[in-house]
Number of protein chains: 2
Amino acid sequence: MKYSNATNYALHTMVYLTIQEGEKLVGVQELADMQRLSPTYLSKILTKLAKGGLIESTPGAKGGYKISRTKHEISFLDVINAIEGDTSLFDCTLHHEGCLIENVMREAEENMKTELKSKLLIDIAREAEARQFKGK
Amino acid sequence: MKYSNATNYALHTMVYLTIQEGEKLVGVQELADMQRLSPTYLSKILTKLAKGGLIESTPGAKGGYKISRTKHEISFLDVINAIEGDTSLFDCTLHHEGCLIENVMREAEENMKTELKSKLLIDIAREAEARQFKGK
DNA sequence: ACATTAAAGACTCTTAATGTCTGTAATTAA
DNA sequence: TTAATTACAGACATTAAGAGTCTTTAATGT
Ligand code: SF4
Ligand code: SF4
């Protein structure tokens, strides 16, 4: 029970794209080099992010990816959901009416997700930039 | 990224054992029937719970399982950890100094876990009994 | 036209989860 | 002492998901 590596790659990618300035397009090659991944593999992850509306892609020469226009609202949860899907961690298919076990699990998971929803990429990106500026 | 079925089985088993009265021993056969599982498979799960100190086993004829003496302190988190291990959900092996991504993920996970730690089996068991009593 | 780039899909490989089967050791009952 | 019952351990098979590669297609700019 772990988050997939793909989620990790997606988060790195998203932070990287968030930091980019202006409308500059970044190709999958650059993103893959940064994380030492195969471009084709990362490509699938990027497609998921694009389908989730978190990034925008431009095909063709000089094409690439850039962060979505909703840049300032994208949370960690958004990224995770785009990759992992937004299914519940605890999946009892039976769903008995008013199940106490499900209630506990769901509530706990909810606590995690509200936290992930409150953390925005833009904040992390700013913090990362600030550190770099301080030379730390 | 889901909790394993084993965790589900473990939770049901633990609630069931918590509800048992006195020191009555319950065999794996009964526990397996209850959940419509193969006894041998459930046996492995029970062994994990026993190793985790959540239940106590007695071998031999008339043997079986009963809830641990720490009955009143066992939380959902205890059960989950006994089955899934207590590793982190987000496993970046690199662990860069002061990583912002890890910080966010760890904090969110912590929120879930504190919730799971606060929920005790005994409370769920009591609630379940109360419902039964009310005929609901 | 040609080079570049994202997108899609088929495919393989690896790993973890799920589950079965068989045998062993401990305990009780006869 | 023997037999039945039960937990425990380990080998094994099956399945499902994740991780990753390769090839082809479509879109875009030069
Ligand atoms: S009681 Fe809850 S967890 Fe158990 S089978 Fe029913 S719905 Fe699932
Ligand atoms: S920055 Fe954080 S998440 Fe990324 S590789 Fe380093 S430790 Fe892992």
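In what follows, every chain begins at residue 1, and chains take the letters A, B, ... in the order their sequences are listed.
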message: Is the phosphate of D/dA19 approached by A/Ser4 (side-chain N or O, under 4.0 Å from OP1 or OP2)?
response: yes
message: Tell me the closest heavy-atom pair linking A/Thr70 and A/Gly53, and the distance in Å.
response: OG1-O, 4.3 Å
query: Start at the 5' end of DNA chain C and walk down; is the nucleotide closest to B/Lys62 or to B/Glu84 reached first?
result: B/Glu84
B/Glu109 (side chain) donor-acceptor with B/Ser88 (main chain) under 3.5 angstrom: no
Could you list the protein-to-nucleotides 20-25 of chain C atom pairs, N/O on both sides, closer than 3.5 Å?
| unit_1 | atom_1 | unit_2 | atom_2 | d |
| --- | --- | --- | --- | --- |
| C/dT20 | OP2 | B/Ser38 | OG | 2.7 |

statement: Expected list for residues 45-55 of chain A near DNA chain C, using heavy atoms below 4.0 Å, is A/Thr47, A/Lys51
- request: Specify the closest pair of heavy atoms between B/Asp78 and B/Ser75, including all atoms of both residues, with the distance to one decimal.
  value: OD2-N, 2.9 Å
statement: Heavy-atom closest pair (B/Ala128 atom, A/Leu100 atom, distance to 0.1 Å) is N-CD1, 3.7 Å
task: If D/dT2 has a Watson-Crick or G-U wobble mate with both distances under 3.5 Å, name it; if not, just say none.
output: C/dA29
- request: Kindly say whether B/Met14 contributes a backbone atom to a donor-acceptor pair with the side chain of B/Thr18 at under 3.5 angstrom?
  value: yes
- prompt: Same cluster or not: are B/Leu54 and B/Ile122 linked, directly or through other Ile, Leu, Val, Met, Phe, Trp or Tyr residues, by side-chain heavy atoms under 4.5 angstrom apart?
  reply: no
- request: Please tell me which of A/Met1 and A/Thr58 maps to the more 5' nucleotide of DNA chain C, matching each residue to the nucleotide holding its nearest heavy atom.
  value: A/Thr58
- request: Tell me which residues in residues 6-14 of chain A put a heavy atom below 4.0 Å from DNA chain D, sorted by number, or none.
  value: A/Ala6, A/Tyr9
message: Would a single hydrophobic cluster contain both A/Leu25 and A/Met34, if residues Ile, Leu, Val, Met, Phe, Trp and Tyr are joined by side-chain heavy-atom contacts under 4.5 Å?
response: no
- prompt: Considering only side-chain heavy atoms of A/Val28, which listed nucleotide, C/dA6, D/dG20, D/dG29, is closest?
  reply: C/dA6
query: Within the distance-only criterion (no hydrogens, no angle test), does the side chain of B/Ser43 pair as donor or acceptor with the backbone N or O of B/Pro39 below 3.5 angstrom?
result: no
- prompt: Under a 4.0 Å N-O cut-off, is there an ion pair linking B/Arg106 with B/Glu110?
  reply: no
message: For residues B/Leu42 and B/Val15: do they belong to one hydrophobic cluster (side chain heavy atoms under 4.5 Å, members Ile, Leu, Val, Met, Phe, Trp, Tyr)?
response: yes
